[in-house]
Amino acid sequence: MEEPGRWRVYVGDAAGRRRYWDFPANVARLTIGRSEQADISLAGDSQVSRLHAALETIAGEWTVVDDGLSRNGTFVNGQRITGRRRLRHKDVILVGETALTFEDMLGSTGTTTRVGSSSGGLPVLTETQRNVLIALCRPYKDNASFARPAANQQIADELFLSVDAVKTHLRTLFAKFQVEELPQNQKRSQLAERAMQLGVITVRDL
């Protein structure tokens, strides 16, 4: 096994704080679940199954595995997985309402290929993620020059979601549009602007 500290996952919050789980050396399998006995315990997320998924190494590469044990499924970059999916640096694993970002310290130089984009290079979105993005961009419909993206509560009210669910989807979108490393006060506007610049969201959608 490689040296400790090469791989980890983290959860971020709206204030920019992160909770990290470093992968111990000489460990080839880590469990993810609501159970306190899980290696990555997400006890506060009621949408996570007691044993939801697992992280396993194969030939030195980490993968995420969900063999149908979870009630609500496991998603990588917005796509539901069946069985096993190889992980790349900055992939976002969504379990329940919790977004875990995978980091490979040796892959942080940009030599790895990000997963979750179509052949044209555009991020692949679930229906809910797209609806959250449309709601975020809606204030730009009439005056794009001076508009500000919609607040979490506005998005939640429009889509009948909880504010926490909106935050989770936004964290995934930040990663998909590669704005997660920006200062917290810039992420939302940059996400909206990038989505419209790329044509993922158009004025007609708003």
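Along the sequence shown, residues are numbered consecutively beginning with 1.
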Practice task
Write down the atom of Ala38, the atom of Gly33, and the distance for their closest heavy-atom approach.
Solution key: CB-N, 3.6 Å
Handout entry: Parallel, tilted or perpendicular, as decided by the 30° and 60° cut-offs, for the rings of Trp62 and Phe23
Key = perpendicular
Practice task
Go through the steps for Val76 and Val92 under the test side-chain contact (heavy atoms from CB on, under 4.5 Å), then give the verdict.
Solution key: CA-CA 6 Å; Val76 175; Val92 176; over 6 Å; no
Handout entry: Salt bridge Glu158-Arg138, side-chain N to carboxylate O under 4.0 Å
Key = yes
Practice task
Could you tell me whether the side chain of His52 reaches within less than 4.5 Å of the side chain of Thr74, counting heavy atoms only?
Solution key: yes
Fill in the blank from the handout: One should read off an interatomic distance between Phe102 CZ and Arg86 CZ, to the nearest 0.5 angstrom, of 10.0 Å
Problem - Derivation and outcome, side-chain contact (heavy atoms from CB on, under 4.5 Å), residues Phe75 and Val64 - result: CA-CA 10 Å; Phe75 299 77; Val64 61; over 6 Å; no
Problem - Evaluation steps, side-chain contact (heavy atoms from CB on, under 4.5 Å), between Phe177 and Val200 - result: CA-CA 11 Å; Phe177 284 83; Val200 176; 4.1 Å; yes
Practice task
State whether the side chain of Ser70 and the backbone N or O of Ser49 hold a donor-acceptor pair below 3.5 Å, judged by distance alone.
Solution key: no
Practice task
Without swapping roles, check the side chain of Asp45 against the backbone of Leu42 for a donor-acceptor pair under 3.5 Å.
Solution key: no
Handout entry: Atom pair CG (Asn77) and OG1 (Thr172), whose distance is rounded to the nearest 0.5 Å
Key = 8.5 Å
Handout entry: Tyr20 atom OH, neighbour heavy-atom count above 12 within 6.0 Å
Key = yes
Problem - Carboxylate-amine/guanidinium proximity below 4.0 Å for Glu181 and Lys90 - result: yes
Practice task
Kindly indicate whether the side chain of Ile93, heavy atoms from C-beta on, has any atom under 4.5 Å from the side chain of Val95.
Solution key: yes
Problem - Minimum-distance pair of heavy atoms, taken over all atoms of Ile134 and Ile201 - result: CG1-CD1, 3.6 Å
Problem - N-O pairing of Asp104 and Arg6 below 4.0 Å - result: yes
Problem - NZ or CZ of Arg18 within 45° of Tyr10 ring axis and under 6.0 Å - result: yes
Handout entry: For the student: nearest non-hydrogen atoms of Ala135 and Ala150, plus distance
Key = O-CB, 3.3 Å
Exercise for the section: Check whether the side chains of Arg188 and Asn152 place a donor and an acceptor atom closer than 3.5 Å, and report yes or no. Expected result: yes
Problem - Nearest-0.5 Å distance that lies between atom CG in Asp22 and atom CZ in Arg8 - result: 6.0 Å
Problem - Distance (rounded to the nearest 0.5 Å) between Arg171 CZ and Leu94 CG - result: 9.5 Å
Practice task
Check whether any side-chain heavy atom of Trp7 sits under 4.5 Å from a side-chain heavy atom of Thr57, and report yes or no.
Solution key: no
Handout entry: Heavy-atom donor-acceptor pair, Ser35 side chain to Gln37 backbone, under 3.5 Å
Key = yes
Practice task
Take Leu173 and Leu136 through the test side-chain contact (heavy atoms from CB on, under 4.5 Å) and record every step on the way to the result.
Solution key: CA-CA 11 Å; Leu173 289 166; Leu136 179 77; over 6 Å; no
Problem - Distance, nearest 0.5 Å, that separates OG of Ser189 from OH of Tyr140 - result: 5.5 Å
Handout entry: Thr31, Leu87, Val65 screened by side chain to side chain contact (heavy atoms under 4.5 Å, CB included) with Leu55, the one that passes
Key = Leu87
Problem - Option from Asn72, Thr168, Thr98 for which side-chain hydrogen bond (donor to acceptor under 3.5 Å, both in side chains) with Gln47 holds - result: Asn72
Handout entry: Heavy atoms of other groups near Gln186 CD, more than 12 under 6.0 Å
Key = yes
Problem - Note, Lys167 side chain near Glu97 side chain (heavy atom, < 4.5 Å) - result: no
Handout entry: Under 3.5 Å: donor-acceptor pair, side chain of Lys187, backbone of Glu180
Key = yes
Exercise for the section: Could you walk me through whether Arg130 and Asp205 pass the salt bridge (charged side-chain N to carboxylate O under 4.0 Å, His left out) test, one step at a time? Expected result: CA-CA 10 Å; Arg130 178 171 173 77; Asp205 295 317; 3.1 Å; yes
Practice task
Is it possible for you to say whether Leu182 and Phe174 belong to one hydrophobic cluster, with membership spreading through side-chain heavy-atom contacts below 4.5 Å?
Solution key: yes
Problem - Heavy-atom check, side chain of Ile40 versus side chain of Val9, under 4.5 Å - result: yes
Fill in the blank from the handout: Only one of Thr63, Asp66, Asp67 passes side-chain hydrogen bond (donor to acceptor under 3.5 Å, both in side chains) with Arg84, and that residue is Thr63
Handout entry: Thr126 side chain to Gln129 backbone, donor-acceptor under 3.5 Å
Key = yes
Practice task
May I ask you to test the His89-Glu103 pair for a side-chain heavy-atom distance under 4.5 Å?
Solution key: yes
Handout entry: Note, Pro149 side chain near Leu191 side chain (heavy atom, < 4.5 Å)
Key = no
Practice task
Kindly compute the distance separating CG (Leu133) from CG (Leu125), expressed to the nearest 0.5 Å.
Solution key: 6.5 Å
